[in-house]
Amino acid sequence: MQNQVQPFRAIEISGLARRLATEGRSVLHMEFGQPSMGPPRKVLDVARAAIDNDRMGYWESPALKERLAALYADRYGVAIDPSRFLLTCGASPALVLALSICFPAGARIAMARPGYVAYRNTVRALNMVPVELPCGAESRFQLTAEALDAIEPAPDGVIIASPANPTGTIIGGDELRAIAAVCRRRGIRILSDEIYHALSYGEPCRSMTEYDPDAVIISSFSKYYCMPGWRLGWLLVPPDLIERAWSYLGCLFLTPPTLSQHAALAALDCAEELDANVAVYAGNRARLLEALPQMGLRRIAPPDGAFYIYADIGHLTDDSMGFCRKLLLDTGVATGPGIDHDPVDGHRFFRLSFAISAEEVEQALQRLGGWLPR
Ligand SMILES: Cc1ncc(COP(=O)(O)O)c(C=O)c1O
């Protein structure tokens, strides 16, 4: 079973990128979904003060849970008791926790292919079985209620991701409602990864908790809040799972970093600065969607959210890892191979993160333009 857990290949690209940078090469980092802007200034000020004033013991911030409940009331219009939030070291352990409390070994978990590399691999690491549904351009690389209804036998669970990694596509409110209805009827537990919420370029993202109060929601401070290395996320569980989730959290992970919890509380009040970053991403998105097709990269589902472009490079290669490695070595532009997200068709896709500055996007376009065959 364990052997089926595959490596996250963008990490290898990132390692090579860092090595090239130490050798003096100019590298543009578009391989990870990692905002190049640091966290807001106020976050850093609060963190500095916390180092001086807090002994950094094991701790869960009650204020942070209350503030998260207020966020859900403001953003989605749902009333959530703060006790339903569990604080974790990012969305990654939140996913492990969610799967562990909801399903036994052997459970079948549906997910879109392409999808975030960790979904199928974490499911396998926990001795569960991924049921990958091929999702092409016609469904904007997303799961639909219809596709979930057609799986026989019904899976035990499904992982929904909107906005999605690697495509950035969003599932609208009506479809989320339809998915919730199918899952209720068929007894499928929904895990909804909402880590890219607040990063959207049209309609705001809707949370699955609006449509299915029994859904388990995964999120974190890594993306919109620009705090990936602070390792802080959360799980929102329905009331009947709280006790079980507590037992698992305490035994598997204990508490997340105290420093990060102080800092995150401040981050939740920094919407102005964070939305200014989103405006930069929106400009980057528009620029890439204009320029990439002119370089021959025409098959792209325009991302509704997150900060990725997932582009079809099938006319250039059938080895996305080799393509990304050579692109990096030749030009210094680091990107992620589609094979991470889709073991079947990903050999002909690559992913660019545009959570970088507008200037860096221009440089990347210049280098790509000179490198891609016309
Ligand atoms: C869809 C998705 N979920 C979860 C994660 C993991 O995030 P975290 O840094 O909060 O562990 C990522 C990271 O890129 C992601 O893209």
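Atoms within a ligand are numbered from 1 in the order they appear, just like the ligands themselves.
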Novice: Looking only at non-hydrogen atoms, find the nearest pair between P238 and P213 and report the distance.
Specialist: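 Where P238 meets P213 most closely, the heavy atoms are CB-O, 3.6 Å.
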Novice: Given L176, which of I170, D212, I160 fulfils the side-chain contact (heavy atoms from CB on, under 4.5 Å) condition?
Specialist: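 So the option named by the test is I160.
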Novice: Count the heavy atoms belonging to other residues, nucleotides or ligands that lie under 6.0 Å from CD of E290, then report whether that count exceeds 12.
Specialist: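 Above 12, so yes.
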Novice: State the atoms of ligand 1, each with its element, that fall below the 4.0 Å cut-off from a heavy-atom position in R231.
Specialist: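 This gives 8 (P), 9 (O), 11 (O) as the contact atoms.
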Novice: Can you sort out which atoms of ligand 1 are near Y196, meaning under 4.0 Å from one of its heavy atoms?
Specialist: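 In order of numbering, the contacting atoms are 1 (C), 14 (O), 15 (C), 16 (O).
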Novice: What part of W234, side chain, backbone, both or neither, has a heavy atom within less than 4.0 angstrom of ligand 1?
Specialist: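 W234 to ligand 1: no contact under 4.0 Å from either part.
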Novice: Does Y308 have R351 sitting over its ring (NZ/CZ under 6.0 Å from centre, angle to axis within 45°)?
Specialist: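 Yes, R351 and Y308 form such a contact.
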Novice: Where's the contact between F32 and ligand 1, heavy-atom distance under 4.0 Å: side chain, backbone, both or neither?
Specialist: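 Under 4.0 Å from ligand 1, F32 contributes no heavy atoms.
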Novice: Do H262 and W230 have ring centroids that are under 6.0 Å from one another?
Specialist: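 No, they do not, as the ring centres are separated by 6.0 Å or more.
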Novice: Give the single entry among I159, D193, T122, N165 that approaches atom 3 (N) of ligand 1 most closely by any heavy atom.
Specialist: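 Result: the heavy atom closest to atom 3 (N) of ligand 1 is in D193.
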Novice: Compute the shortest N/O to N/O distance between A91 and ligand 1 and return yes if it is under 3.5 Å, no if not.
Specialist: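 In this structure, A91 places an N or O atom under 3.5 Å from an N or O of ligand 1.
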Novice: Taking distance alone, with N or O pairs closer than 3.5 Å, would you say K223 contacts ligand 1?
Specialist: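 Among all N and O atoms of K223, at least one is under 3.5 Å from an N or O of ligand 1.
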Novice: Can you tell me the protein heavy atom closest to atom 7 (O) of ligand 1 and the distance?
Specialist: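 Heavy-atom neighbour on the protein nearest atom 7 (O) of ligand 1: I195 CD1, 3.2 Å.
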Novice: Please report whether the ring centroid of Y72 lies less than 6.0 Å from that of H197.
Specialist: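 When the ring centroids of H197 and Y72 are compared, they turn out to be at least 6.0 Å apart.
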Novice: Relative to each other, are the rings of F349 and Y310 parallel, tilted or perpendicular (30° and 60° limits)?
Specialist: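 Parallel: the ring planes of F349 and Y310 meet at under 30°.
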Novice: So if I count the atoms of ligand 1 from 1 in the order they appear, which ones are less than 4.0 Å from some heavy atom of G90?
Specialist: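 Contacts of ligand 1 toward G90, numbered from 1: 10 (O), 11 (O).
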Novice: If you measure from each non-hydrogen atom of S220 to ligand 1, which part falls under 4.0 Å: side chain, backbone, both or neither?
Specialist: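 The side chain, only.
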Novice: Could you find the nearest protein heavy atom to atom 6 (C) of ligand 1 and give me its residue, atom name and distance?
Specialist: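 Sorting protein heavy atoms by distance from atom 6 (C) of ligand 1 puts S92 OG, 3.4 Å first.
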Novice: Heavy-atom contacts under 4.0 Å between S222 and ligand 1: side chain, backbone, both, or neither?
Specialist: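 Within the 4.0 Å criterion, S222 contacts ligand 1 through side-chain atoms alone.
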Novice: Take every heavy atom of Q34, measure it against each atom of ligand 1, and state whether any distance is under 4.0 Å.
Specialist: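 Flag not set, Q34 not near ligand 1.
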Novice: May I ask you to decide if the ring planes of Y225 and F221 are parallel, tilted or perpendicular, using 30° and 60° as cut-offs?
Specialist: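 Because their plane-to-plane angle lies in the 30° to 60° range, the rings of Y225 and F221 count as tilted.
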Novice: Compute the centroid of each ring, for Y196 and then for Y224, and state whether the two points are separated by less than 6.0 Å.
Specialist: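 No - the distance between ring centres of Y196 and Y224 does not fall below the 6.0 Å cut-off.
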Novice: Any atoms of ligand 1 less than 4.0 Å from a non-hydrogen atom of Y119? List them with their elements.
Specialist: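 Checking each atom against Y119, I get 1 (C).
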